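Just so it is clear, the values below take in all heavy atoms, side chains as well, and ignore hydrogens, waters and symmetry mates. From a predicted model like this one, the values you see are computed outputs, not experimental measurements.
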Amino acid sequence: MSDSRFHRSGFPSSVTPDYVPFQVWDLLQGLSTYIRMMLSTQALLSAIGVGEKSATVIGATFQWFLRDLTGMLGGILFTFYQGSNLDSNAKMWRLVADLMNDLGMLMDLLSPLFPSAFVFIVCLGSLSRSFTGVASGATRAALTQHFALQNNAADISAKEGSQETVATMIGMALGMLLARITTGHALSIWFCFLSLTMFHMYANYKAVRCLALTTLNPERSSIVFQHFMKTGQVLSPETVSKMEYVLPIWTTSLSSRSDKSMHMQVHLGVRVSSLNHLELMDVLHSAGSHYKKAKYLLVEKKGIISAILHKDSTSKDVLQSFFHALVMLRFSGWKTERLLSPSIMWKANWICGPLDAKID
């Protein structure tokens, strides 16, 4: 059979252009992680009492069990509260995951210095790493789907697993060598650890900055919307990736984010039950003639736009509701009747048209 559907070109056409630079930085940050892990593990084992005659097996076992139990509970709680946000903010959560991993290893390295608070410190470190496991695994799945251009996500995932195994072996070998050299020299251990941590954070930031995701999340949608309203043009994913924030919100001042934070004033998927009777009657009365075909309702309250989605709404309806809400925010100060008027809805449809063409 000569059907072209059965002919697939391999690397590099089977992956996105940002795959190679991302993997290079990812490999470097992985190496630094495993080197530091040997230093922190050595410190942790020393604090537990490995190598000391006075240490008991049951005591060390209980401390290790308590450490792991804290991590498991932390992972469950983190998934419960943040699981739905990991896909839409994969870049930010990947950075957060590695930052929490750094914090966990720092706790392990600090544990021998505070014997009276040893259990508390190691449990805190395990809790920090539990966030890393959940966030890193979820964002990895989202990024693998992004890289795969020919339904080859499984192949990419397998190759990344092999790459991580190689990085682990090299990193552990270098880590054991470094641990042996720095044994008994606390200043050297801390200097190596902190230097590698700084490099690890830099490599992770560069890796995330290489990504040009083609999906729209609230922040990228806000960037595209504001540029479209000014120029009438839709930005490319590469341009949007350079403009979006990848650091956690708390690391950036409010003043530097004020011009691009419109998306934070839109709440998607709000339940009808969250509205009181008066609010529900008002929105139904004002929107009754304007939402006959739309599968969503928008409610404005104290500068926040809440989008109530119909159970049969599609991804296009969700996208339209979000841009409709951004239009409402742009024209904030108008009366609700004008914000819900056909002209405003037309603007939302006008914006979504070119975006749908780009997305398709």
Side-chain angles (χ1 to χ4, degrees), residues 11-27 29-30 82-99 132 134-157 159-160 163 201-228 233-249 251-252 257 260-264 266 268-269 314-316 318-323 326 351-352 354-360:
F11 179 84
S13 59
S14 60
V15 294
T16 55
D18 53 358
Y19 175 78
V20 172
F22 174 82
Q23 293 298 334
V24 170
W25 286 110
D26 188 51
L27 177 63
Q29 68 88 16
Q82 294 293 339
S84 59
N85 296 326
L86 297 176
D87 275 333
S88 60
N89 294 296
K91 291 184 179 183
M92 184 197 74
W93 281 115
R94 180 172 177 80
L95 283 179
V96 170
D98 286 297
L99 178 62
T132 301
V134 176
S136 179
T139 55
R140 172 65 69 179
L143 295 181
T144 300
Q145 291 294 332
H146 161 70
F147 292 136
L149 293 180
Q150 297 180 352
N151 294 323
N152 56 332
D155 180 45
I156 291 176
S157 180
K159 287 182 170 60
E160 287 181 349
Q163 173 185 303
M201 295 172 64
Y202 173 76
N204 267 294
Y205 181 79
K206 293 293 290 184
V208 169
R209 272 301 182 192
C210 290
L211 296 172
L213 302 182
T214 56
T215 55
L216 286 173
N217 67 357
E219 183 177 1
R220 289 193 286 271
S221 298
S222 180
I223 294 172
V224 171
F225 164 78
Q226 293 188 67
H227 186 270
F228 185 82
Q233 298 177 345
V234 179
L235 293 171
S236 66
E238 292 75 18
T239 304
V240 174
S241 66
K242 296 177 182 178
M243 299 173 65
E244 70 174 319
Y245 294 102
V246 295
L247 297 175
I249 296 174
T251 62
T252 312
R257 292 181 58 89
K260 296 180 181 179
S261 61
M262 291 178 63
H263 65 281
M264 300 178 67
V266 181
L268 286 175
T314 63
S315 56
K316 182 177 180 180
V318 176
L319 181 64
Q320 182 176 324
S321 69
F322 189 81
F323 280 102
L326 291 180
I351 294 170
C352 286
L355 288 172
D356 287 339
K358 282 281 185 180
I359 294 170
D360 292 340

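- Partners of T139 by side chain to side chain donor-acceptor pair (under 3.5 Å), not counting sequence neighbours: none found.
- For the pair L268 and S321, the tightest heavy-atom approach, listed with the atom from each and the gap, is CD2-OG, 3.7 Å.
- Here the side chain of N204 pairs no donor or acceptor atom with the backbone of D98 at under 3.5 angstrom.
- Going from atom CZ of R220 over to atom CD of E244 covers 4.5 Å, rounded to the nearest 0.5 Å.
- In this structure, T314 OG1 and L319 CG are separated by 9.5 Å, a value rounded to the nearest 0.5 Å.
- In this structure a side-chain-to-backbone donor-acceptor pair under 3.5 Å is present from S221 to N217.
- Side-chain N or O atoms of D155 include none that pairs as donor or acceptor with a backbone N or O of A153 at under 3.5 Å.
- Residues passing the side chain to side chain donor-acceptor pair (under 3.5 Å) test with Q145: none are found, sequence neighbours excluded.
- In this structure, H227 contributes its side chain and Q233 its backbone to a donor-acceptor pair below 3.5 Å.
- No side-chain heavy atom of F323 sits less than 4.5 Å from a side-chain heavy atom of F228.
- Residues L143 and R94 are in side-chain contact: their nearest non-hydrogen atoms beyond the backbone lie under 4.5 Å apart.
- With sequence neighbours left out, K206 forms a side chain to side chain donor-acceptor pair (under 3.5 Å) with no residue at all.
- Judged as a ring-ring contact (aromatic ring centres under 6.0 Å, His included), the pairs with a partner in residues 134-156 (not counting sequence neighbours) are, in order, Y19-F147, F22-F147.
- Residues that satisfy the side chain to side chain contact (heavy atoms under 4.5 Å, CB included) test with P237, not counting sequence neighbours, are T214.
- Listed by chain and number, the residues in a side chain to side chain contact (heavy atoms under 4.5 Å, CB included) with V134 are F78, T79, L86 (sequence neighbours excluded).
- For K242, there are no salt bridge (Lys or Arg N to Asp or Glu O under 4.0 Å) partners two or more places apart in sequence or in a different chain.
- Annotation: side chain to side chain donor-acceptor pair (under 3.5 Å) contacts of R209 (sequence neighbours excluded): Y205.
- Residue pairs meeting the salt bridge (charged side-chain N to carboxylate O under 4.0 Å, His left out) criterion with at least one member in residues 134-148, sequence neighbours excluded, are D26-R140, R140-E160.
- Remark: M243 CE to L235 CG distance equals 5.5 Å, nearest 0.5 Å.
- Taking the side chain as every heavy atom from C-beta outward, L149 and V15 never approach each other to under 4.5 Å.
- To the nearest 0.5 angstrom, I156 atom CD1 is 10.5 Å from N151 atom CG.
- Qualifying side chain to side chain contact (heavy atoms under 4.5 Å, CB included) partners for S157, counting only residues two or more places apart in sequence or in other chains: T144.
- Going from atom CG of N89 over to atom OH of Y245 covers 14.5 Å, rounded to the nearest 0.5 Å.
- Between W25 and C210 the shortest heavy-atom distance is CD1-SG, 3.9 Å.
- When every heavy atom of P21 is checked against every heavy atom of P17, the shortest pair comes out as CD-O, 3.6 Å.
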